[in-house]
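As the structure lists them, so they are numbered: ligands from 1, and atoms in each ligand from 1. Basis for what follows: all heavy atoms, side chains included, without hydrogens, waters or symmetry-related copies.
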Amino acid sequence: MIEYRSIEDLPELAGETVALRGWIRRFRSSGKISFLVLRDGTGEVQCVFVKNEIEEEVWETLDSLGHEAAVSVTGVVRVDERAPSGVELTATGVQLLGASEDFPIQPKEHGTDFLLENRHLWLRSSRQIAIMRVRDEVIRAIKDFLHHEGFTLVDTPILTGAIGESAGTLFETEYFDLGTAYLAQTGQLYVEAAAAALGKVYCFGPTFRAEKSKTRRHLTEFWMVEPEVAWNDSDDNMALQERFVCYIVKRVLYNRREDLEALDRDISKLEAIKPPFDRMSYTEAVEFLQANGAEIEWGSDLGAPDEAKLVEGRDVPLFVYDYPKGAKAFYMKENPEDPRTVKCNDMLAPEGYGEVIGGSQREDDHDRLLERIREEGLPEESYGWYLDLRKYGTFVHSGFGLGVERTVTWMCGIDHLRESIAFPRMMQRLTP
Ligand code: 4AD
Ligand code: MG
């Protein structure tokens with residue numbers, strides 16, 4: 001039986017004869033010598049075939065291979081300082097495992113629609129591989145951080161009976177005899193219940209919003225991590241977000257530098273992400289925007305152009321805190337110092353990447369929460385259990401949601417969320 005090796009291990013195998021399995025990234029031949037770039041998910045290596053040093057049959061097989069065909073290659077590992085990984089393969093054998101004729105994605109400019117239509121194949125490109133690896137690191141960093149900080153993961157339901165964020169962006173589905181179920185917009189209400197059991201908890205899963213906007217920042221299905229902490233107030237909440245984001249950035253820089261380089265990311269921008277982050281109240285933000293010619297009135301939510309203006313010239317993220325009640329969700333705690341506002345924050349990333357985190361202290365007063373549910377016209381009967389949390393041992397608590405795709409897009413320095421997830425879901429895209 002052949003023992004196949006991984007391309008990433010080749011530098012330690014110099015001089016040895018090895019067998020590899022993978023897909024053909026590129027192939028070119030001068031007629032006497034052929035260069036086949038093989039990719040196996042762990043790396044890429046150039047396999048060099050010299051016509052008069054190999055069997056004729058091998059040379060003939062080479063000629064029939066298409067771009068992205070699956071093959072196995074045998075040869076001797078040779079150190080070559082010019083090669084990106086420091087090694088090449090002096091190849092002697094090749095075997096076709098899975099043919100590929102007329103691979104749709106060619107080394108030329110394709111439109112984004114075409115690429116998205118072929119997302120299942122586009123994923124094999126170097127750029128997409130780098131993005132997926134950064135995404136994986138972001139997710140690992142999230143889990144490691146929370147684990148080290150003593151958080152317990154609590155999985156929350158995707159099919160829900162209560163509206164978590166806003167009625168405007170719900171996906172609905174019929175649910176047997178019980179009427180309408182909604183796909184979760186957030187797991188927050190459930191982690192609030194779990195925080196009263198376990199103290200520091202988080203949920204991490206896909207969330208759904210029927211966003212009719214076609215912006216580069218919105219998906220209809222995205223992944224969100226939502227930590228929730230008993231006894232944290234809004235300031236503690238921001239301090240936690242700051243440490244959390246710094247840790248994620250550090251991990252990406254430490255473990256995925258090569259991928260960031262492959263993406264031409266300006267790494268110095270990420271190296272500048274250090275505490276303390278900037279902080280500005282919503283009211284200060286509106287004053288600043290008005291002084292800089294924006295049309296905004298106190299009371300309305302900040303738009304993407306407002307956010308961009310606020311972070312201009314900043315190297316670190318900006319917390320905007322204490323928004324007007326009317327601009328935010330029903331569950332946020334009324335600010336005792338200014339009841340027109342709620343104890344909440346958005347975290348805006350630098351370089352115009354916009355809101356990466358939304359967080360708040362939660363309303364812990366039963367009657368005020370009930371009043372907010374009524375004001376928003378939410379179906380009171382669905383929130384009985386949520387109100388119970390304020391009836392049986394209510395407690396100060398805060399939490400936030402960090403959007404994985406927004407974070408990955410920022411880390412990678414790419415333009416659009418659609419490349420930050422393997423199979424993006426948007427208003428006009430349900431396949432592949
Ligand atoms: O600000 P949001 O709506 O907050 C919540 O859902 C709270 N329940 C979180 C909490 O306090 N536990 O969303 C949080 C984050 C945003 O900052 C953004 O990063 C991301 O989720 N997000 C989206 N990402 C991609 N596509 C969308 N349509 C998104 N909507 C929100
Ligand atoms: Mg938000």
When you measure from the side chain of [X] to the backbone N and O of [Y], does any donor-acceptor pair fall under 3.5 Å?
X: Asp136; Y: Met132; answer: no
X: Arg124; Y: His120; answer: no
X: Thr160; Y: Tyr182; answer: yes
X: Asp388; Y: Lys391; answer: no
X: His67; Y: Arg25; answer: yes
X: Arg26; Y: Arg28; answer: no
X: Ser360; Y: Lys343; answer: no

### Query
Of all the atoms in Glu355, is at least one N, O or S atom closer to the Mg ion (ligand 2) than 2.8 Å?
yes
Parallel, tilted or perpendicular: which fits the ring planes of [X] and [Y], with parallel below 30° and perpendicular above 60°?
X: Tyr383; Y: Phe330; answer: perpendicular
X: Phe277; Y: Phe319; answer: tilted
X: Trp385; Y: Tyr190; answer: parallel

Give me the nearest non-hydrogen protein atom to [atom] as residue plus atom name, then the distance to 0.1 Å.
atom: atom 7 (C) of ligand 1; value: Glu165 OE2, 3.2 Å
atom: atom 12 (N) of ligand 1; value: Glu226 OE1, 2.7 Å
atom: atom 17 (O) of ligand 1; value: Glu355 OE2, 2.6 Å
atom: atom 11 (O) of ligand 1; value: Arg362 NH2, 2.9 Å
atom: atom 6 (O) of ligand 1; value: Arg209 NH2, 2.8 Å
atom: atom 18 (C) of ligand 1; value: Arg406 NH1, 3.5 Å
atom: atom 15 (C) of ligand 1; value: Gly401 O, 3.6 Å
atom: atom 22 (N) of ligand 1; value: Phe222 CE1, 3.4 Å

Within ligand 1, which atoms have a heavy atom of [X] less than 4.0 Å away?
X: Gly399; value: 11 (O)
X: Phe400; value: 9 (C), 10 (C), 11 (O), 12 (N)
X: Thr186; value: 6 (O), 8 (N)
X: Ile357; value: 17 (O)
X: Tyr331; value: 7 (C), 8 (N)
X: Met224; value: 6 (O), 13 (O), 14 (C), 15 (C), 21 (O)
X: Gly358; value: 1 (O), 9 (C), 10 (C), 11 (O), 17 (O)
X: Arg217; value: 25 (C), 26 (N)

Distance flag, aromatic centroids of [Y] and [X], threshold under 6.0 Å:
X: Phe244; Y: Phe400; answer: yes
X: Trp23; Y: Phe103; answer: no
X: Phe114; Y: Trp122; answer: no

Any nitrogen or oxygen of [X], side chain or backbone, less than 3.5 Å from one on ligand 1?
X: Leu417; value: no
X: Glu228; value: no
X: Gln188; value: yes
X: Leu402; value: no
X: Leu219; value: yes

### Query
Do the charged groups of Glu363 and Arg368 touch, with an N to O distance under 4.0 Å?
yes
At under 4.0 Å between heavy atoms, which part of [X] makes contact with ligand 1: side chain, backbone, both or neither?
X: Met332; result: neither
X: Val356; result: backbone
X: Met347; result: neither
X: Glu211; result: side chain

### Message
Using the rule side chain to side chain contact (heavy atoms under 4.5 Å, CB included), only one of Ile131, Ile129, Val134, Val252 pairs with Asp259; which is it?
### Response
Val134
